[in-house]
A.B. asks: 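Shown below is the structure under consideration.
All values below were derived from every heavy atom in this structure, side-chain atoms included, with hydrogens, water molecules and symmetry-related copies excluded.
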Amino acid sequence: MSTADLPKQYDPQDAQRRWYSFWLDHGYFHADPGSPKPSYTIVIPPPNVTGALHLGHALNNTIQDILIRWKRMQGFDALWMPGTDHAGIATQAVVERRLLEEEGKTRHDLGRDALVERIWAWKHEYEKRILNQLRLMGCSCDWERTRFTLDDVCARAVRTTFFRLFQADKIYRGKRLINWDTQLRTAVADDEIYYEDVQGQLWTIAYPVAESANGETLHVATTRPETMLGDTAVAVHPDDPRYQHLIGKELDLPLTGRRIPIIADAVLVDPKFGTGCVKVTPAHDPNDYQTGLRHNLPQINLLNPDGTYNENAGPYAGLPGKVVRKKVVADLEAQGRLIKVEPYATRLNYSDRSKTPIEPYLSDQWFVRMGDNPDGSPGFAQSAIDAVTSKQVTIHPDRYAKSYIDWLTEKRDWCVSRQLWWGHRIPVWHKTRPSEGEFESSELPGLIRRWKEEGRIDETDRKPSDVTHGDISDPDIPYHFICILREHDTEVVEALERNGHFVQDPDVLDTWFSSALWPHSTLGWPDQTPELAKYYPTSLLSTARDIISLWVARMVIFGQFNMKDVPFKDVFIHPVIQDGNGKRMSKSAGNGIDPVDIIDLYGADALRYTLASLATETQDLRMPVEQAKLPDGRVVNTSERFEQGRTFPNKFWNASRFALMNLDDYDPDRLGHDVEGDGSEDLWILGRLNQVAREVTAGLESFRFAEVAKILRDFTWNDFCDWYVELLKGRLRDPARRPIAQRMLVIVLDGLCRLLHPIIPFVTEQVWQGLNQVAPRRFDPTSMEVQTAAESVCIASWPTYPETWNDPDAEAIVSHWREKITALRNLRAERNIPPSAKIAPTFVATGSVADALTRGAGQIKGLANAESIRVVPRADHPPGCAVAVLTDAEIILPLDGLIDKKAETARVRKALADVDKPLAGTRAKLSNEAFLTRAPAEVVETLRAKEAELSAQRETLSALLATLDEPVGGSPR
RNA sequence: GGGCGAUUAGCUCAGUCGGUAGAGCGCCUGCUUUACACGCAGGAUGUCGGGGGUUCGAGUCCCUCAUCGCCCACCA
C-alpha cells in the first residue's frame, strides 16, 4: 500500500462518514429472531425528546455500544433497541415555554389538540436530532426497530397494561396533595417548583380544650394561620408529659365552631420544637395529609381552583388566601386567641412558570398499588425486591442494590395520573353526575354488561357502602368508572359519551408508566411476537443511578406483571459526569460539554475511548471544562481529558500505517524458514496478545470498561508500538526474514482491530479494510487457519487464541532485552552521548541472562544503536567507562574521550542511593523476629532473595565507586 | 435527619488476594531516528485527608474526626 492512501494523521470525520453507511448498507445492526444464534439484547434508555443528547448520554451509549459490538462479534444475535421518550411534563413544559416566549400564548389559548400537535412537531425535530447524534457516535442500534414511548405500538402496550391492572384491582382512585398553581389553574410537577427563602411570620394561636373546667388551652404555632379553617386535629407527641392528660380529648376550633380531636403522633411531632403541639390540616399540607391517613382524619379542602376559599371556609368563602389570612388573624386577635406573632424565616414554593406561590391542593388521582396482596402474598414492590435479592436481576456495582431495595421497601403506591395534555391519556370514562337517573333507564347498563363479558371494557361501580382495601377515596361519594381496552373502540366510546353519561378522564399517565413497559412493549407485546420470544428478558440495562427507583424498579414490576419474568438480567449503573468543580453539567450553567462538539474536534472514537476509560465503579467523575475553537470558528466547551482519546486512535492508526506500508508483498502461504515465528519476540508478542484478549474479555464480562481501555492502550502503545514494531523493523528489511515478520504483523494487527473495535469502531474498520486489501487471506483466531477475513470487523469473530500462545521463556528473554536496552539509553542520556553516536557496550552476565543477551545481540544493537555488543561472564571496570549495575548484569560502556569522573561518580552515587533505600527497608523487615516467624514462608523467602540481590548490587556499586577514587558511605541499617 | 460516595503526584484518576504506590495530562532534558511532534528517548514529583485500632506487615480491613459531593426525606 502506498503512503498516499495513508495520511499521517488519521482523519476521523472521513472514516465516520464512510464506515457508518457501510455498516448500515450491509445490515450488520439488524437482529433477526429467526437466526439460530443466541440472543444478546439491550434496550436503550430512551432519551427525552426535550433536547439534544449530553455527555452523560454519550457515556451511557458508548457503554452499550461496546457491549453490543463485543457480543455481536462473539457470535450473538445482538439487538440494541433504540428509541426516545415522550417525557410528559418536561416536553410539554419546553414547548409551552417557547409558545409563550415566541407567541405570547398559553396552552389554553391553543387548546388541547393544537398544543399536542405542536409538541409532536417538536418531537419530530428532536427525535431526528437525537437519533442522528447516536449515529454520529457510531452506535450500532437496530434502526429498523426504532420506537417512541408514545407511538402506536407503545400505546397499545400501555392501554393493555392499564386494563389488566384495572381488572386485577391493582389500580385505584385516591386522593393526593398536588402542587397547584392558582394562577394557571394547573398542577405543577415537583421539578417545576423553585424555593425562595422569605421572611415570614409565625403566629401562635390558642385552641381552647372543649368542656374544660379551668379554661385550658393548647398553643399551636403556624406560618399559615388561614389554614386553621381546615384543621381536623391537633397533634402532640405520645410521650410528651405536658399533654398526656389531653390525648383523646377535643378542642374547640376557633372561628369555626367545629370540634377537633387531640391526637398523639410521634412522626409528625417533635416535642422539643415550639410548643410541642401541631395543628393538622390534611387537605393543605403533605405531612398533615400523611398524619390524617394514619389517624383517619377528615380532609377539609378550603380552596377553589383559582386560589379563593370555598364554602368550607364558612364566612371567609369567596375571598383570596391573602385576604383570608388577614381576616383570620384579625378575628383571632379580637377573640383573644392570638398569643404572639414573631418573625420567622421560611421557605416558600413558587411555580416556575407563573412565579406565584404553590398551594398544596387535594385532588383525585389514579394509583398503582405497591403493597402486598390482601391474602398476604407479595405485591408489586415485594416481588421487585425479591427479584434483586434472589439475583434474578443483578445490579452492578452492587451497592446500588441497596438503594433499589430501600426505596421499594416503603411500598408507597405509585401515583400514575398527571394533569397534562402530552402523554398517554387515561383510558377511563367517568360517569357524570347529571346522567344519574336517566342512565338506569338507558340501554347503557345492558351494553356495559355485554362489553364486559366480551372483554372490551372493565368497570368499577362503587356505592357509598363499599370499602376497598387500601383505597383512600372519599367513602361517601359513589363512582362508576369504565376502563376501555382498545382506544379505537369507537362503538363503546360513542355509546358512553352519548347523552353525556360518561366523559373520559382528562389526565394522562405518568411518563414512567410507558417507560416501565419499554423492555417488552418495544418487542411487540401484547402480541406474542417472535421478537418477544427471542429477546425477552433482555440481557442488560445500562443507566444512571438517579432513575433506579423511577425507572429500573418499575420496569421490574411491570415486567413481572405482564411477562411473568424480569425485564433484564443485569443492570449496570454508570458514573455521573460532573465538571472540574464537582458540579453537575448543565446547559444553563454553561459548563456542559456537547458530545457532538467533541466529535467535531477529535472524532467519535476519541469521544468513545475517553468515556470508556473514565467508566470506573466510582459514582461521580469529574471533567475540568475548558474552551476550544472549532474549525468553523465556534468556541465550544471541551476538556483536557479527551486528550487520551485523541492521541490513542492516532497512534493505532500510525502503527497500522507502518504495517500496511510493509505488507505490499505479503503472501500468507510463503512462510520463510520458521513456521513458529522467527524469534523470542514473536513468541512473546503472541503470548501477550493472547493474555490481553483474555483480560479484555474478562473485563467486559464484569463491566470494567476503564480497565479494558487501559489494558488495550498499554498493550498497543507500550508493547506493540514501542517494542515489537521496533524489533521487527530490522527483519522487515531482510528479504529472508521478511515473510514471517509480515505474517506476525498481520496476526497482531488483525487481533488489535478485533479487540479494539467495540471501543473505537471507526479507526479499526478503517484499518481492517486496509488489511483486507493487502492481506485478505490471513490467520483466523477461531479456526486457527489461514482464511479469507470477514468483510467488516463488525462481524469478525471475537478473538480467542490458543492456550499454547504463552511462552514464559520468551517473555523472560524479551524482558531482559528491554531492561538492558533501557539501561543503555539511560546511560546515553546521563552521559550525554548523542543518539546518533554508535556505542560498543559489554554486558557482564551469566546463565540464562547471558543466553538471552547473546541471542538478542542483533535486536539490542538495533534498538540501542550499538555497532557491536559483547557478553562476558566477568570483567573489570576499566577507567573511562560508564558502568550500570543491574540486579542480574552489569553494563560497561567505554566512553572514548568522554571521561568525566565527576559525572560518573555522581551517577554511581545516585544508583547507590537508589539501592540503599529499599535495601534498608528489606533488612529492617528481615531483622524483625515477629515477621520471620509469622509471615508466610514464601513471603520471607522472596524478601531474602531480594535482600541478596540488592546487597550484591550494592557491593558492586561500592567497588565501582572505590575505583573512581571516592570515599564510600557506610552500609545502611 | 437517613443513605451512598469521595479525599492517593501540580491536575484528573487507577490501585482486584493486606506484602513498602501507578497511568494520562502538565513539568524538566535531549531528539526533524525513513509509522506517528496527536511523536521518540530519558528524568523529577507522594507523611495515600487527620487520629486511633487489628496485623509480623495497612493506600487496602475496623473505629473516629474533618472536608467535599450526590440521592432521598423534611423544616408545624
Side-chain angles (χ1 to χ4, degrees), chain A residues 3 6 8-10 202 220-224 227 234-235 268-270 273-281 285-288 291 344-347 397 399-400 402-403 406-407 410 545-546 548-549 575-576 578 580-584 602 606 610 613-614 616-624 639-662 702 704 706-707 710 713-714 721-722 725-726 729 821-822 825-830 832-836 863 865 917-918 921-922 924-925 928-936 938-940 942-943:
Chain A
T3 47
L6 303 166
K8 264 192 189 182
Q9 275 198 16
Y10 168 62
L202 190 68
V220 298
T222 179
T223 53
R224 303 180 63 205
T227 62
V234 166
L268 183 70
V269 184
D270 173 5
F273 187 92
T275 60
C277 304
V278 185
K279 66 193 272 300
V280 184
T281 323
D285 181 277
N287 289 313
D288 295 4
T291 308
Y344 190 77
T346 184
R347 213 167 56 173
R399 67 184 125 94
Y400 292 114
K402 189 174 163 13
S403 47
D406 283 353
W407 185 81
E410 291 183 33
R545 66 174 176 278
D546 54 352
I548 291 173
S549 48
V576 169
Q578 302 170 337
N581 304 313
K583 300 276 176 268
R584 242 192 135 91
Y602 316 124
T610 298
S613 71
L614 297 175
T616 59
E617 285 207 354
T618 178
Q619 66 180 21
D620 305 311
L621 67 88
R622 266 178 285 180
M623 188 172 267
S639 173
E640 61 174 27
R641 302 201 72 182
F642 289 104
E643 200 63 25
Q644 268 197 76
R646 184 161 73 117
T647 54
F648 179 55
N650 188 60
K651 183 70 178 178
F652 174 67
W653 167 247
N654 271 294
S656 307
R657 185 168 165 258
F658 170 81
L660 295 174
M661 280 166 18
N662 279 285
S702 47
R704 298 195 307 267
E707 190 183 312
K710 185 176 158 51
R713 184 187 187 279
D714 287 350
C721 293
D722 289 350
V725 169
E726 295 303 323
K729 280 181 176 171
I821 290 167
T822 302
R825 289 169 173 169
N826 192 335
L827 275 179
R828 265 182 192 275
E830 282 177 340
N832 295 320
I833 303 167
S836 52
L863 268 63
N865 194 23
K917 205 181 157 193
T922 308
K925 224 166 179 184
N928 180 347
E929 199 55 41
F931 171 74
L932 294 175
T933 51
R934 303 219 185 168
E938 56 177 50
V939 172
V940 177
T942 310
L943 210 65

A.B. asks: List the protein contact pattern of nucleotides 28-34 of chain B with one symbol per nucleotide (5' to 3'): B for base contact, S for sugar-phosphate-only contact, - for none; contact means a heavy-atom distance under 4.0 Å.
C.D. replies: -------
A.B. asks: Which residues satisfy the salt bridge (Lys or Arg N to Asp or Glu O under 4.0 Å) test with Arg545(A), sequence neighbours excluded?
C.D. replies: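 Arg545(A) satisfies salt bridge (Lys or Arg N to Asp or Glu O under 4.0 Å) with Asp620(A) once adjacent residues are dropped.
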A.B. asks: Starting from P on G19(B), measure out to CG on Leu932(A) and report it in whole angstrom.
C.D. replies: 19 Å
A.B. asks: In chain order, what residues pass the side-chain hydrogen bond (donor to acceptor under 3.5 Å, both in side chains) check against Thr227(A), with sequence neighbours excluded?
C.D. replies: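 Listed in chain order: Lys279(A).
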A.B. asks: Which comes earlier along RNA chain B counting from the 5' end, the contact point of Glu617(A) or that of Ala655(A), where each point is its nearest nucleotide?
C.D. replies: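 The answer here is Glu617(A).
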A.B. asks: Please report the shortest heavy-atom distance between Val220(A) and Cys277(A), naming the atom on each side.
C.D. replies: CG1-CB, 3.8 Å
A.B. asks: Dot-bracket, 5' to 3', for RNA chain B please: Watson-Crick or G-U pairs under 3.5 Å, [ ] where pairs cross earlier ones, | where the partner sits on another strand, dots elsewhere.
C.D. replies: (((((((..((((.....[..)))).(((((.......))))).....(((((..]....))))))))))))....
A.B. asks: Would you mind reporting whether Tyr602(A) and Thr610(A) have side-chain heavy atoms less than 4.5 Å apart?
C.D. replies: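 Not in contact.
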A.B. asks: If you look at every strand shown and take non-hydrogen atoms under 4.0 Å, does Arg828(A) touch a base, only sugar-phosphate, or nothing?
C.D. replies: nothing
A.B. asks: Taking only residues two or more places apart in sequence, or in another chain, which ones meet Glu830(A) in a salt bridge (Lys or Arg N to Asp or Glu O under 4.0 Å)?
C.D. replies: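 Glu830(A): salt bridge (Lys or Arg N to Asp or Glu O under 4.0 Å) contacts with Arg907(A).
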A.B. asks: Assign C17(B) to syn or anti; the rule is syn for a glycosidic angle within 90° of 0 and anti otherwise.
C.D. replies: syn
A.B. asks: Could I get the full list of salt bridge (Lys or Arg N to Asp or Glu O under 4.0 Å) partners for Arg713(A), not counting sequence neighbours?
C.D. replies: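 Salt bridge (Lys or Arg N to Asp or Glu O under 4.0 Å) list for Arg713(A), sorted by chain: empty.
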A.B. asks: Is the distance from OP1 or OP2 of C13(B) to the nearest side-chain N or O of Arg622(A) less than 4.0 Å?
C.D. replies: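 So the side chain of Arg622(A) is within the cut-off, an N or O lying under 4.0 Å from OP1 or OP2 of C13(B).
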A.B. asks: Can you identify which nucleotide, out of A35(B), U16(B), C56(B), has its nearest atom closest to the Asn928(A) side chain?
C.D. replies: C56(B)
A.B. asks: With sequence neighbours left out, write down each residue that passes side-chain hydrogen bond (donor to acceptor under 3.5 Å, both in side chains) with Asp722(A), or none if nothing qualifies.
C.D. replies: none
A.B. asks: Base of A6(B), side chain of Gln578(A) - is there a donor-acceptor contact under 3.5 Å?
C.D. replies: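 Checked by distance alone, the answer is no.
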A.B. asks: Report the nucleotide, chosen from C38(B), U16(B), C56(B), that has the shortest atom-to-atom distance to any side-chain atom of Arg646(A).
C.D. replies: C38(B)
A.B. asks: How is Glu726(A) classified with respect to the nucleic acid when contacts are heavy atoms under 4.0 Å: base, sugar-phosphate, or nothing?
C.D. replies: base
A.B. asks: Rounded to whole angstroms, how far apart are CD on Glu929(A) and P on C56(B)?
C.D. replies: 13 Å
A.B. asks: May I ask you to say what Ser613(A) touches in the nucleic acid, namely base, sugar-phosphate or nothing, with a heavy-atom cut-off under 4.0 Å?
C.D. replies: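 No contact at all - Ser613(A) keeps every heavy atom at 4.0 Å or more from the nucleic acid.
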A.B. asks: What's Asp722(A) touching, base or sugar-phosphate or nothing? Going by heavy atoms closer than 4.0 Å.
C.D. replies: sugar-phosphate
A.B. asks: Does Pro918(A) have any side chain to side chain contact (heavy atoms under 4.5 Å, CB included) partners at least two apart in sequence or in another chain, and if so, which?
C.D. replies: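 Result, side chain to side chain contact (heavy atoms under 4.5 Å, CB included) vs Pro918(A): Leu950(A).
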A.B. asks: Closer to the 5' end of RNA chain B via nearest nucleotide, is it Ala221(A) or Thr616(A)?
C.D. replies: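 Result: Thr616(A).
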A.B. asks: List for me each residue that meets salt bridge (Lys or Arg N to Asp or Glu O under 4.0 Å) alongside Lys729(A), sequence neighbours excluded, and say none if there are none.
C.D. replies: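 Once residues adjacent in sequence are excluded, the partners of Lys729(A) under the salt bridge (Lys or Arg N to Asp or Glu O under 4.0 Å) criterion are Glu726(A).
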A.B. asks: Would you please name every residue forming a side-chain hydrogen bond (donor to acceptor under 3.5 Å, both in side chains) with Arg224(A), sequence neighbours left out?
C.D. replies: Glu359(A)
A.B. asks: Give Thr281(A) one of three labels, base, sugar-phosphate or nothing, depending on what nucleic acid heavy atoms sit under 4.0 Å from its own.
C.D. replies: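 Answer is nothing: Thr281(A) stays at 4.0 Å or more from every strand.
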A.B. asks: Output the rounded distance in Å from CZ (Arg825(A)) to P (G43(B)).
C.D. replies: 11 Å
A.B. asks: Looking at C36(B), does its base get a donor-acceptor pair with the side chain of Lys651(A) below 3.5 Å?
C.D. replies: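 Checked by distance alone, the answer is yes.
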A.B. asks: Within the structure shown, what part of the strands sits under 4.0 Å from Pro918(A) by heavy-atom distance: base, sugar-phosphate, or nothing?
C.D. replies: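 Here Pro918(A) touches no strand at all.
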A.B. asks: Looking at every strand, decide which applies to Asn826(A) at a 4.0 Å heavy-atom threshold: base, sugar-phosphate, or nothing.
C.D. replies: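 Here Asn826(A) touches the backbone only, sparing every base.
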A.B. asks: Side-chain N or O of Ser403(A) versus OP1/OP2 of G3(B): is the shortest distance under 4.0 Å?
C.D. replies: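 So the side-chain polar atoms of Ser403(A) never come under 4.0 Å of the phosphate oxygens OP1 or OP2 of G3(B).
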A.B. asks: Provide, to the nearest angstrom, the distance between the NZ atom belonging to Lys917(A) and the C1' atom belonging to U45(B).
C.D. replies: 12 Å
A.B. asks: Using the side-chain hydrogen bond (donor to acceptor under 3.5 Å, both in side chains) criterion, which residues pair with Thr822(A)? Sequence neighbours excluded.
C.D. replies: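 Thr822(A) satisfies side-chain hydrogen bond (donor to acceptor under 3.5 Å, both in side chains) with no residue once adjacent residues are dropped.
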A.B. asks: Measure CG/Asn650(A) against P/C38(B) and give the value in whole Å, please.
C.D. replies: 8 Å
A.B. asks: Whole angstroms only, please: what is the CG-P distance between Leu621(A) and A14(B)?
C.D. replies: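 Rounding to the nearest Å, CG of Leu621(A) and P of A14(B) are 8 Å apart.
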A.B. asks: Which whole-number value in Å describes the distance from Phe931(A) CZ to U55(B) C1'?
C.D. replies: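 From Phe931(A) CZ to U55(B) C1': 13 Å.
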A.B. asks: If you round to the nearest 0.5 Å, how far is CG of Leu614(A) from CG of Leu621(A)?
C.D. replies: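 One finds 5.5 Å between CG of Leu621(A) and CG of Leu614(A).
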A.B. asks: Under 3.5 Å, which N/O atoms of the protein pair with N/O atoms of nucleotides 20-25 of chain B?
C.D. replies:
none

A.B. asks: Could you tell me the separation between the CZ atom of Phe642(A) and the C1' atom of U12(B), rounded to a whole number of Å?
C.D. replies: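 So the two atoms are 12 Å apart, to the nearest Å.
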